[in-house]
Amino acid sequence: MPDVTLPPVSSAYTQVEEAVVHVVLWLKLGAETVGAGIIVLGIVVGGYLFVKALASRRTADFTAIRLTLARYLALALEFQLGADILSTTIAPSWEQIGKLGAIAVIRTALNFFLSREMKDEHRAAAEHHVQRQARQHDQPE
(Lines give C-alpha, C1' and ligand atoms only; values in the text may rest on other atoms or scores of the structure.)
Protein backbone atom coordinates (compact mmCIF):
# COMPACT_ATOMS: atom_id res chain seq x y z
CA MET A 1 0.00 0.00 0.00
CA PRO A 2 1.54 3.33 -1.07
CA ASP A 3 2.14 6.04 1.46
CA VAL A 4 -0.51 8.74 1.21
CA THR A 5 0.17 12.03 2.86
CA LEU A 6 -2.87 13.95 3.83
CA PRO A 7 -2.89 17.73 3.71
CA PRO A 8 -2.88 19.40 7.07
CA VAL A 9 -6.33 19.76 8.57
CA SER A 10 -6.05 23.52 8.74
CA SER A 11 -5.36 23.70 4.99
CA ALA A 12 -8.36 21.52 4.12
CA TYR A 13 -10.54 23.49 6.52
CA THR A 14 -9.44 26.79 4.96
CA GLN A 15 -10.19 25.52 1.46
CA VAL A 16 -13.67 24.32 2.45
CA GLU A 17 -14.34 27.56 4.30
CA GLU A 18 -13.32 29.61 1.25
CA ALA A 19 -15.52 27.46 -0.99
CA VAL A 20 -18.51 27.97 1.34
CA VAL A 21 -17.89 31.73 1.41
CA HIS A 22 -17.83 31.84 -2.40
CA VAL A 23 -21.04 29.80 -2.66
CA VAL A 24 -22.80 32.04 -0.12
CA LEU A 25 -21.62 35.18 -1.95
CA TRP A 26 -23.02 33.82 -5.22
CA LEU A 27 -26.30 32.88 -3.52
CA LYS A 28 -26.49 36.38 -1.99
CA LEU A 29 -25.86 37.94 -5.39
CA GLY A 30 -28.54 35.70 -6.90
CA ALA A 31 -31.11 36.66 -4.24
CA GLU A 32 -30.31 40.36 -4.69
CA THR A 33 -30.59 40.01 -8.47
CA VAL A 34 -33.95 38.24 -8.22
CA GLY A 35 -35.18 40.95 -5.83
CA ALA A 36 -34.05 43.71 -8.18
CA GLY A 37 -35.65 41.90 -11.13
CA ILE A 38 -38.94 41.66 -9.26
CA ILE A 39 -38.83 45.40 -8.55
CA VAL A 40 -38.19 46.14 -12.24
CA LEU A 41 -41.01 43.79 -13.26
CA GLY A 42 -43.35 45.46 -10.75
CA ILE A 43 -42.47 48.90 -12.12
CA VAL A 44 -43.12 47.72 -15.69
CA VAL A 45 -46.45 46.08 -14.78
CA GLY A 46 -47.52 49.02 -12.60
CA GLY A 47 -46.48 51.51 -15.30
CA TYR A 48 -48.43 49.60 -17.93
CA LEU A 49 -51.55 49.48 -15.73
CA PHE A 50 -51.15 53.17 -14.92
CA VAL A 51 -50.90 54.20 -18.58
CA LYS A 52 -53.84 51.93 -19.41
CA ALA A 53 -55.95 53.54 -16.64
CA LEU A 54 -54.98 57.03 -17.78
CA ALA A 55 -55.86 56.24 -21.39
CA SER A 56 -59.31 54.97 -20.42
CA ARG A 57 -59.76 57.76 -17.82
CA ARG A 58 -60.43 55.28 -15.02
CA THR A 59 -58.78 57.00 -12.07
CA ALA A 60 -60.60 54.67 -9.68
CA ASP A 61 -58.16 51.96 -10.80
CA PHE A 62 -55.23 53.76 -9.15
CA THR A 63 -55.76 51.90 -5.87
CA ALA A 64 -55.60 48.57 -7.68
CA ILE A 65 -52.41 49.71 -9.41
CA ARG A 66 -50.85 50.66 -6.07
CA LEU A 67 -51.78 47.25 -4.67
CA THR A 68 -50.22 45.53 -7.67
CA LEU A 69 -46.98 47.47 -7.29
CA ALA A 70 -47.00 46.91 -3.52
CA ARG A 71 -47.22 43.14 -4.02
CA TYR A 72 -44.14 43.18 -6.23
CA LEU A 73 -42.26 45.38 -3.76
CA ALA A 74 -43.19 43.15 -0.81
CA LEU A 75 -41.96 40.07 -2.65
CA ALA A 76 -38.74 41.83 -3.66
CA LEU A 77 -38.14 42.89 -0.05
CA GLU A 78 -38.35 39.24 1.00
CA PHE A 79 -35.59 38.32 -1.46
CA GLN A 80 -33.48 41.29 -0.35
CA LEU A 81 -33.93 40.27 3.28
CA GLY A 82 -32.88 36.73 2.36
CA ALA A 83 -29.72 38.15 0.79
CA ASP A 84 -29.03 40.10 3.99
CA ILE A 85 -29.44 36.97 6.08
CA LEU A 86 -27.00 35.14 3.81
CA SER A 87 -24.52 37.98 4.35
CA THR A 88 -24.61 37.50 8.10
CA THR A 89 -23.42 33.91 7.70
CA ILE A 90 -20.07 35.13 6.40
CA ALA A 91 -19.84 38.61 7.95
CA PRO A 92 -16.26 39.19 9.04
CA SER A 93 -16.88 41.69 11.84
CA TRP A 94 -19.42 42.72 14.45
CA GLU A 95 -19.66 46.10 12.75
CA GLN A 96 -20.74 44.42 9.51
CA ILE A 97 -23.22 42.23 11.38
CA GLY A 98 -24.63 45.36 13.07
CA LYS A 99 -25.05 47.13 9.74
CA LEU A 100 -26.74 44.10 8.20
CA GLY A 101 -28.97 43.78 11.25
CA ALA A 102 -30.04 47.41 10.92
CA ILE A 103 -30.75 46.91 7.21
CA ALA A 104 -32.75 43.77 7.98
CA VAL A 105 -34.80 45.61 10.61
CA ILE A 106 -35.52 48.49 8.22
CA ARG A 107 -36.52 46.13 5.40
CA THR A 108 -38.66 44.04 7.73
CA ALA A 109 -40.43 47.19 9.00
CA LEU A 110 -40.97 48.40 5.44
CA ASN A 111 -42.39 45.02 4.48
CA PHE A 112 -44.65 44.98 7.56
CA PHE A 113 -46.13 48.41 6.86
CA LEU A 114 -46.39 47.72 3.13
CA SER A 115 -48.25 44.47 3.83
CA ARG A 116 -50.56 46.23 6.29
CA GLU A 117 -51.31 48.97 3.76
CA MET A 118 -52.00 46.35 1.09
CA LYS A 119 -54.47 44.58 3.40
CA ASP A 120 -56.22 47.86 4.27
CA GLU A 121 -56.49 48.90 0.63
CA HIS A 122 -57.64 45.44 -0.40
CA ARG A 123 -60.32 45.54 2.29
CA ALA A 124 -61.41 49.03 1.20
CA ALA A 125 -61.54 47.95 -2.46
CA ALA A 126 -63.65 44.92 -1.52
CA GLU A 127 -66.05 47.12 0.49
CA HIS A 128 -66.30 49.55 -2.43
CA HIS A 129 -67.08 46.65 -4.77
CA VAL A 130 -69.81 45.34 -2.43
CA GLN A 131 -71.36 48.81 -2.15
CA ARG A 132 -71.31 49.25 -5.93
CA GLN A 133 -72.96 45.85 -6.38
CA ALA A 134 -75.61 46.76 -3.82
CA ARG A 135 -76.36 50.06 -5.58
CA GLN A 136 -76.69 48.29 -8.92
CA HIS A 137 -79.00 45.70 -7.38
CA ASP A 138 -81.18 48.33 -5.68
CA GLN A 139 -81.75 50.40 -8.84
CA PRO A 140 -85.20 49.88 -10.38
CA GLU A 141 -85.31 48.56 -13.90
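Residues satisfying the side chain to side chain donor-acceptor pair (under 3.5 Å) criterion with Glu117, sequence neighbours excluded, are Arg66. Judged as a side chain to side chain contact (heavy atoms under 4.5 Å, CB included), and not counting sequence neighbours, the contacts of Glu95 are Ser93, Lys99. For Arg116, there are no side chain to side chain donor-acceptor pair (under 3.5 Å) partners, not counting sequence neighbours. Residues forming a side chain to side chain contact (heavy atoms under 4.5 Å, CB included) with Ala31 (at least two apart in sequence, or on another chain): Ala83.
Ile90 and Leu27 fall within the same hydrophobic cluster, defined by Ile, Leu, Val, Met, Phe, Trp and Tyr side-chain heavy atoms under 4.5 Å apart, directly or through other members. By the criterion of side-chain heavy atoms lying less than 4.5 angstrom apart, applied directly or through intervening Ile, Leu, Val, Met, Phe, Trp or Tyr residues, Leu75 is grouped together with Leu49 in one hydrophobic cluster. Linking ILVMFWY residues whenever their side-chain heavy atoms come closer than 4.5 Å, directly or via other members, leaves Leu73 and Val34 in distinct clusters.
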Name every donor-acceptor pair, under 3.5 Å, that has one atom in a side chain of residues 16-25 and the other anywhere in the protein, sequence neighbours excluded.
none

Side-chain donor-acceptor contacts of residues 37-45 below 3.5 Å, not counting sequence neighbours, with atom names and distances?
none

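Side-chain atoms of Leu69 and Ile65, non-hydrogen and from C-beta on, never get closer than 4.5 Å to each other.
Applying the side-chain hydrogen bond (donor to acceptor under 3.5 Å, both in side chains) definition to pairs two or more places apart or across chains, those involving residues 23-49 are Lys28-Glu32. Residue pairs meeting the salt bridge (charged side-chain N to carboxylate O under 4.0 Å, His left out) criterion with at least one partner in residues 67-87, sequence neighbours excluded, are Asp84-Arg107.
Nearest heavy atom pair, residue Ala53 against residue Phe62, reads CB-CE2, 4.0 Å.
Under a 4.5 Å side-chain heavy-atom criterion applied to ILVMFWY residues, the cluster that includes Ile85 comprises Leu81 as well.
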